[in-house]
Amino acid sequence: VQLQASGGGWVQTGGSLNLACTVAGRSDDVYAVGWFRQAPGKEREFVAAMRWNGGRTDYGDPVKGRFTISRIAVGSTVSLQMNTLKPEDTAVYYCATRNERPWTPFRAEQSSSYNTWGQGTLVTVSS
């Protein structure tokens, strides 16, 4: 599985951006897709996740009600729609996949739950 994240850019406070994570390769093996972010000088933070075949979604507290994760139709792209952006949303955003069903309960918010990571895409929100 290979991942390509795109859609980052610069936006003013209150604006919106849509990030895309394109999954290439053995996408049928994917169990879940997650988004994480890392701001300068800070640890990587969980943003959102969804099961590849639909159903459950999870969100980090800072983005609940503002961000939406979804899969585009039945293709191999997962979207992260980010609305009402704030300066504290400024970070490099990474998508990641869990490439097989876990034997233990899946902890979407833990970066160690994911096998494959894409390169990041930078989101800058100006005040």
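In what follows, residues are counted from 1 in the order of the sequence shown.
Between Ala96 and Leu3, the closest heavy-atom pair is CA-CD1, 3.6 Å.
A salt bridge links Asp58 with Arg51: at least one charged nitrogen is closer than 4.0 Å to a carboxylate oxygen.
Using a distance-only test at 3.5 Å, with no hydrogens or angles considered, no donor-acceptor pair links the side chain of Trp35 to the main chain of Cys21. When atom types are taken as modelled, the side chain of Thr121 and the backbone of Gly8 share a donor-acceptor pair closer than 3.5 angstrom. For the pair Thr90 (side chain) and Val125 (backbone), a donor-acceptor distance under 3.5 Å is present. Formation of a donor-acceptor pair under 3.5 Å by the Arg98 side chain with backbone atoms of Ser113 is found in this model.
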Using distance only, find each side-chain donor-acceptor pair of residues 62-69 under 3.5 Å and give its atom names and separation, not counting sequence neighbours.
| unit_1 | atom_1 | unit_2 | atom_2 | d |
| --- | --- | --- | --- | --- |
| Lys64 | NZ | Asp61 | OD1 | 3.0 |
| Arg66 | NH1 | Thr84 | O | 2.9 |
| Arg66 | NH1 | Asp89 | OD2 | 2.7 |
| Arg66 | NH2 | Pro62 | O | 2.8 |
| Arg66 | NH2 | Asp89 | OD1 | 3.0 |
| Arg66 | NH2 | Asp89 | OD2 | 3.4 |

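In this structure the side chain of Ile72 never reaches within 4.5 angstrom of the side chain of Val78, judged on heavy atoms. Using a 4.5 Å heavy-atom threshold, the side chains of Ser6 and Thr22 count as separate. A 4.5 Å side-chain heavy-atom check between Val30 and Val1 finds at least one atom pair inside the cut-off. With contacts defined as side-chain heavy-atom distances shorter than 4.5 Å, the pair Asn53/Arg71 qualifies.
Sequence neighbours left out, not one pair with a member in residues 97-127 passes disulfide (SG to SG under 2.5 Å). Annotation: salt bridge (Lys or Arg N to Asp or Glu O under 4.0 Å) contacts involving residues 111-124, sequence neighbours excluded, are absent. The stretch residues 113-127 participates, sequence neighbours left out, in no salt bridge (Lys or Arg N to Asp or Glu O under 4.0 Å) pair at all.
The closest side-chain donor-acceptor pair between Asn99 and Thr116 falls under 3.5 angstrom.
Scored by the salt bridge (charged side-chain N to carboxylate O under 4.0 Å, His left out) test, Arg107 finds Glu109 as partners (sequence neighbours excluded).
Heavy-atom neighbours of Gln12 CD from other residues, nucleotides or ligands within 6.0 Å: at or below the threshold of 12.
Other residues sharing a hydrophobic cluster with Phe46 under the 4.5 Å side-chain heavy-atom criterion for ILVMFWY residues are Tyr31, Phe36, Val92, Tyr94, Phe106, Tyr114, Trp117, Leu122.
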